[in-house]
Protein chains: 2
Amino acid sequence: MLSKKTKYGLKALTYLASQKDNKPVQISEIAKHENISQKFLESILLSLRKTGFLGSKKGKGGGYYLIKDPKAVLMTDVMRILEGPIAMVPCVSLNFYEKCDDCPDENTCSVNKLMLKVRDANLEVYRNNTLADLITG
Amino acid sequence: MLSKKTKYGLKALTYLASQKDNKPVQISEIAKHENISQKFLESILLSLRKTGFLGSKKGKGGGYYLIKDPKAVLMTDVMRILEGPIAMVPCVSLNFYEKCDDCPDENTCSVNKLMLKVRDANLEVYRNNTLADLITG
DNA sequence: TGTTTACTCTATTATATTGATAGGGTAAAG
DNA sequence: CTTTACCCTATCAATATAATAGAGTAAACA
């Protein structure tokens, strides 16, 4: 299940990407337009700023704005920040690898075998989609 | 994240599928061999029985056994029983469709757009893998 | 310089789900 | 009729998610 955090984050990014200019947009405007709890959105945008996707400006006329060209924002990166690992089990994760504590041998593990294929399929999608591709119309 | 339930369920199914004959196997044997809490596994196997994947036999010499040929057990079906919907949002789910309460229009929703592609990629994997494909060696 | 605006950060809370455990019940074998 | 092993319900701790509250701080602008 996709978390609300990721859902809201994607919507906010898309909203910013679909602006005509790249002027700062207030949190309140995004929250209202996308039906998101403003306070919750605040923390999401903050984490997107800290990870280099967004810039922010304080004071009057302030808000959040995209740092990069939407075409240069890969879904792999966005998903890893918002949702966490793309893999469904840590033992097939590229960026968050961890051995499963209960599994004696990954090479003979059926779950590992299946989830490796799932990971690759998902990576294929996320690698081939950028923020620009999410904009509709 | 893949739930332990699904993980254990897949391991148990694979264990049964890799038996030489199709004689009943005791829960305790599966649990021990796969490092699974026996009681937890009980409930998982029970749900797999109720959904037509497994048969069971009580009393001495009893246990669980596969109903179908492993080649005929599609991962789509197994995953839906164990893990639930394959889609990450209900609005792109084939078998568990539901409208998102916060989203006014699916056609212009960026999350919908992306998750549709993700769903298709995952379905492709699950449709092309059977229980027989999970057996290693 | 001072007031307003709007982002920043920490803390708290409600809710749901997951994973595990306990214990008694029941059908079947032998 | 006793043993075996599945069947079923209930409970509980731990964790993660989602939302909310409130005080703090930097910048704009008059």
Side-chain angles (χ1 to χ4, degrees), chain A residues 1-12 16 23-32 34-51 53-67 81-85 88-90 96 100-103 111, chain B residues 1-12 16 23-32 34-51 53-67 81-85 88-90 96 100-103 111:
Chain A
M1 201 64 176
L2 197 75
S3 68
K4 292 271 174 91
K5 179 182 176 188
T6 305
K7 194 177 184 182
Y8 295 164
L10 287 173
K11 286 194 173 195
L16 290 175
K23 296 239 175 77
V25 179
Q26 295 172 30
I27 298 177
S28 60
E29 182 185 332
I30 305 175
K32 194 184 259 183
E34 300 294 337
N35 278 310
I36 303 172
S37 147
Q38 176 164 341
K39 277 292 187 179
F40 190 21
L41 181 59
E42 267 188 43
S43 67
I44 297 168
L45 295 182
L46 200 58
S47 80
L48 286 172
R49 196 216 61 184
K50 287 180 176 171
T51 48
F53 293 96
L54 299 179
S56 66
K57 211 181 158 196
K58 289 187 178 179
K60 195 167 194 176
Y64 281 99
Y65 53 92
L66 286 177
I67 294 267
I81 294 301
L82 293 174
E83 189 74 3
M88 293 183 82
V89 279
F96 302 82
C100 293
D101 48 349
D102 59 318
C103 194
V111 176
Chain B
M1 201 63 174
L2 196 74
S3 68
K4 291 272 175 90
K5 180 183 176 188
T6 304
K7 195 178 185 182
Y8 295 164
L10 287 173
K11 286 195 173 193
L16 290 175
K23 295 237 176 79
V25 179
Q26 294 172 31
I27 298 177
S28 61
E29 182 185 332
I30 306 174
K32 192 183 260 181
E34 300 294 338
N35 279 310
I36 304 173
S37 146
Q38 178 164 340
K39 278 291 189 180
F40 190 21
L41 181 58
E42 265 188 47
S43 68
I44 297 167
L45 296 182
L46 202 57
S47 79
L48 287 172
R49 198 215 58 183
K50 287 181 176 171
T51 48
F53 293 95
L54 298 180
S56 68
K57 211 182 157 195
K58 289 188 178 178
K60 196 166 193 176
Y64 282 97
Y65 53 91
L66 285 177
I67 294 267
I81 293 302
L82 292 173
E83 189 74 3
M88 292 184 82
V89 278
F96 302 82
C100 294
D101 48 349
D102 59 317
C103 193
V111 177

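The figures here come from the full heavy-atom set of this structure, side chains too, leaving out hydrogens, waters and symmetry mates. Proteins get letters first, then strands, A, B, ... in listed order; numbering begins at 1 in each.
Residues A:K7 and B:C100 have side chains in contact (heavy-atom distance under 4.5 Å, counting atoms from C-beta outward). For the pair A:Y8/A:N35, no side-chain contact is recorded, criterion being any heavy-atom separation below 4.5 Å from C-beta on. Side-chain contact between A:L48 and A:L82 is present, with at least one heavy-atom pair separated by less than 4.5 Å. Within the 4.5 Å cutoff, no side-chain heavy atoms of B:K5 are placed close to those of B:S43. Residues A:I30 and A:L45 meet the side-chain proximity criterion, which asks for heavy atoms closer than 4.5 Å.
We find the NZ-CG distance between A:K4 and B:D102 to be 6.0 Å, quoted to the nearest 0.5 Å.
B:K7 comes within 4.0 angstrom of no nucleic acid atom, judged by non-hydrogen atoms across all strands. Residue-level contact check: B:I27 touches the backbone only, with heavy atoms under 4.0 Å from sugar-phosphate atoms and none from bases. Within 4.0 Å of A:K4, counting heavy atoms only, lie sugar-phosphate atoms of the nucleic acid but no base atom.
Two residues, B:Y64 and A:K57, neighbour DNA chain D, and the one matched to the more 5' nucleotide by heavy-atom proximity is B:Y64. Checking A:E42 against A:T6, the closest nucleotide of DNA chain D that is more toward the 5' end is the one next to A:T6.
Distance CD (B:E29) to C1' (D:dC6): 15 Å, rounded to an integer number of Å. Between A:Y65 atom OH and C:dA6 atom P there is a gap of 16 Å when expressed in whole angstrom units. In this structure, the CE atom of B:M1 is 12 Å from the C1' atom of C:dT18, given to the nearest Å. What separates CD1 of B:I44 from P of D:dC6 is a distance of 14 Å, to the nearest Å. Atom P of nucleotide C:dA20 and atom NZ of B:K5 are separated by 13 Å, given to the nearest angstrom. A:L48 places its CG atom 12 Å from the P atom of C:dT8, with the value rounded to the nearest Å. Straight-line distance from the NZ atom of A:K23 to the P atom of C:dA6: 15 Å, rounded to whole Å. Straight-line distance from the CG atom of B:L45 to the C1' atom of D:dC8: 14 Å, rounded to whole Å.
Picking from C:dG19, D:dC8, D:dA19 the nucleotide with the shortest atom distance to the side chain of B:F40 gives C:dG19. Residue A:K58 places its side chain closer to C:dC7 than to any other of D:dC7, C:dC7, C:dG23. The nucleotide whose nearest atom lies closest to any side-chain atom of A:S56 is, among C:dC7, D:dC7, C:dA20, C:dC7.
Side-chain to base pairing of B:Q26 with D:dC6: no donor and acceptor N or O lie closer than 3.5 Å to each other. Scanning atom types as modelled, one donor and one acceptor separated by under 3.5 angstrom connect the side chain of A:K39 and the base of D:dG22.
Within the structure, a side-chain polar atom (N or O) of A:S37 is placed less than 4.0 Å from OP1 or OP2 of D:dT20. Put simply, B:K50 has a side-chain N or O that comes within less than 4.0 Å of OP1 or OP2 on D:dC8. OP1 or OP2 of D:dT17 has not a single side-chain nitrogen or oxygen of A:Y8 nearer than 4.0 Å.
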